[in-house]
Amino acid sequence: MTEPPASPEVAEAIRVQEQLRSRWEPAAWAGPAPRTLAGVDVAYDGTGEAEDRVAAAVVVLDAATLEVVDQATAVGTAGFPYLPGLFAFREVPSLLRALERLTVTPDVVLCDGQGLAHPRRFGLACHLGVVTGLPALGVGKTPLLGTWTEPGPERGDWSPVLDGGETVARMLRTQPGVKPVTVSVGHRVDLDAATRFVLAAAPRYRLPETTRLADRLSCEALRAG
DNA sequence: GCGACAG
DNA sequence: ATCTTGTCGC
């Protein structure tokens, strides 16, 4: 309940986070299957300083064929240090600049990190979803918090991630016998829909193609820029 | 009090 | 996130 602010910047970030949270929309995915799925990721030069050089990338894929239909990048400075729980303040600014350079508006954004599976229920996927107004979900390699049991061994098997008595995410097996990923609600997408979208985007590998392509593009942009 | 801690 | 060789396997 209490969060001892380590600095004025941190206290302000937490305040902004709780302010944005009031604009969060939990609405279930009601529309037809998305036509496009976007993946976003950020590559870094340093190890967690506010001065680190960054390269943000967004890749838009056709949801049915997973072919790239658009992509964009933006290089700059992080502007905020890496602090668990305040990750969005490090990635969102440059991600917004990359998103502005797209020529198409994606139907759903798959973020590399958490959504509701966050200490204040407002991780990167919620934050980016709210500020862009786009449906968003979180797909992480490792959970930030919560407890869970090992999901079944088949692709599509999942188990709930609980925190404080509520389900905040799912550990989802995207490939048989491979370590599960963490899927959580971001904005305007429910957990069932988020699970479907992640599985659709990960037909071959553990991580969805959206994440893999955005990761590759961001690394290239960092080296080039 | 101590450790853990998305990328 | 990033630093990094070889190695096991389809």
Side-chain angles (χ1 to χ4, degrees), chain A residues 2-7 10 13-14 17 20-21 39-59 73-96 98 109-130 136-148 155 161-164 168-172 175-187 191 194 198 203-208 210-223 225:
Chain A
T2 50
E3 190 86 28
S7 72
V10 167
I14 291 176
Q17 204 165 55
L20 287 173
R21 189 175 56 180
V40 295
D41 194 22
V42 179
Y44 297 90
D45 194 317
T47 56
E49 309 300 312
E51 299 74 22
D52 293 345
R53 278 198 343 110
V54 303
V58 52
V59 177
T73 61
V75 296
T77 302
F80 203 88
Y82 169 69
L83 297 173
L86 296 176
F87 186 48
F89 293 88
R90 186 168 168 76
E91 302 218 327
V92 167
S94 51
L95 283 176
L96 288 178
V109 180
L110 282 68
C111 303
D112 192 2
Q114 316 297 326
L116 291 183
H118 176 277
R120 287 171 296 282
R121 303 291 181 264
F122 204 72
L124 171 65
C126 299
H127 194 128
L128 190 63
V130 166
L137 63 88
V139 196
K141 292 178 280 295
T142 61
L144 174 58
L145 50 74
T147 59
W148 63 92
R155 167 177 157 85
V161 175
L162 305 173
D163 180 57
V168 297
R170 280 178 185 172
M171 291 308 290
L172 173 67
Q175 293 301 321
V178 170
K179 178 182 177 180
V181 296
T182 307
V183 177
S184 58
V185 166
H187 185 60
L191 251 187
V198 169
R204 170 91 204 262
Y205 301 104
R206 178 193 179 221
L207 296 177
T210 41
T211 300
R212 292 163 46 78
L213 293 173
D215 177 77
R216 192 168 61 65
L217 183 60
S218 65
C219 286
E220 292 174 352
L222 187 62
R223 301 200 336 171

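So you know, we letter chains A, B, ... as the sequences are listed, proteins then strands, and number each from 1.
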Colleague: Just one of Leu96(A), Val109(A), Val92(A) clears the side-chain contact (heavy atoms from CB on, under 4.5 Å) bar with Val40(A), so which one?
Modeller: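 Single side-chain contact (heavy atoms from CB on, under 4.5 Å) partner of Val40(A) among Leu96(A), Val109(A), Val92(A): Val109(A).
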Colleague: Nearest whole angstrom, please: distance from the P of dA6(B) to the NE2 of His118(A).
Modeller: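 Atom NE2 in His118(A) sits about 11 Å away from atom P in dA6(B).
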Colleague: Once you round it to whole Å, what is the distance between P of dG7(B) and CZ of Arg216(A)?
Modeller: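 Atom-to-atom, Arg216(A) to dG7(B), this comes out as 20 Å.
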Colleague: For the pair made of CG in Leu128(A) and C1' in dA6(B), what is the distance, rounded to whole Å?
Modeller: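 Interatomic distance, CG of Leu128(A) to C1' of dA6(B): 14 Å.
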Colleague: Rounded to the nearest Å, what distance is computed from the CG atom of residue Asp52(A) to the P atom of nucleotide dT2(C)?
Modeller: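 It is 10 Å, rounded to the nearest whole Å.
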Colleague: For Thr142(A), report the nucleic acid contact type (base, sugar-phosphate, nothing); a contact means any heavy atom under 4.0 Å.
Modeller: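 It contacts sugar-phosphate atoms only.
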Colleague: Quick one: which of dT2(C), dA1(C), dC5(B) gets closest to the side chain of Asp112(A)?
Modeller: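 Closest of the options to the side chain of Asp112(A): dA1(C).
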Colleague: Does Gln17(A) use its side chain to pair, donor to acceptor, with the backbone of Phe89(A) at less than 3.5 Å?
Modeller: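 Between the backbone of Phe89(A) and the side chain of Gln17(A) there is no qualifying donor-acceptor contact (under 3.5 Å).
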Colleague: Would you check if Asp112(A) and Asp215(A) make a side-chain contact, meaning some heavy-atom pair closer than 4.5 Å?
Modeller: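 No - every pair of side-chain heavy atoms lies 4.5 Å or more apart.
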Colleague: Could you give the CZ-to-P distance, from Arg90(A) to dT2(C), as a whole number of Å?
Modeller: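 So the CZ-P distance, Arg90(A) to dT2(C), works out to 10 Å.
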Colleague: With a non-hydrogen cut-off below 4.0 angstrom, is Tyr44(A) in contact with a base, only sugar-phosphate, or nothing?
Modeller: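 Sugar-phosphate: the residue Tyr44(A), judged by heavy atoms under 4.0 Å, touches backbone atoms but no base.
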Colleague: Whole angstrom is fine here: how far is it from CG in Asp163(A) over to P in dA6(B)?
Modeller: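 Whole-Å distance recorded here is 14 Å.
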Colleague: Regarding Gly123(A), tell me which of base, sugar-phosphate or nothing describes its non-hydrogen contacts under 4.0 Å with the strands shown.
Modeller: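 If one applies the 4.0 Å heavy-atom cut-off, Gly123(A) turns out to touch a base.
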Colleague: From the list dC5(B), dA1(C), dT2(C), which nucleotide is the closest neighbour of the side chain of Leu144(A)?
Modeller: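 Of dC5(B), dA1(C), dT2(C), dC5(B) is nearest to the side chain of Leu144(A).
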Colleague: For the atom pair CE (Met171(A)) and OG1 (Thr142(A)), what is the distance rounded to the nearest 0.5 Å?
Modeller: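 Rounded to the nearest 0.5 Å, the CE-OG1 separation comes to 8.5 Å.
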Colleague: Just how far, in rounded Å, is C1' of dA6(B) from CG of Asp215(A)?
Modeller: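 Taking CG of Asp215(A) and C1' of dA6(B), I get 14 Å after rounding.
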Colleague: Closest heavy-atom contact between Val59(A) and Leu217(A)?
Modeller: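 That closest heavy-atom pairing would be CG2-CD2, 3.8 Å.
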Colleague: Using a heavy-atom cut-off of under 4.0 Å over every strand shown, decide if Asp41(A) touches base, sugar-phosphate, or nothing.
Modeller: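 Asp41(A): backbone/sugar contact only, no base atoms under 4.0 Å.
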Colleague: Should Tyr82(A) be counted as stacked on dG7(B), where stacking needs a ring-centre gap under 5.5 Å and an angle between planes under 30 degrees?
Modeller: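 Yes, Tyr82(A) stacks on the base of dG7(B).
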Colleague: Please state how far atom CD in Gln114(A) lies from atom C1' in dA4(B), giving the value in whole angstrom units.
Modeller: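 The distance from CD of Gln114(A) to C1' of dA4(B) comes to 15 Å, rounded to the nearest Å.
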Colleague: Name the nucleic acid region contacted by Leu222(A), choosing base, sugar-phosphate or nothing; use a 4.0 angstrom heavy-atom cut-off, strictly under.
Modeller: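 Touches nothing.
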Colleague: Scan Gly138(A) against the nucleic acid and name what it touches under 4.0 Å (heavy atoms): base, sugar-phosphate only, or nothing.
Modeller: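 Result for Gly138(A) = nothing.
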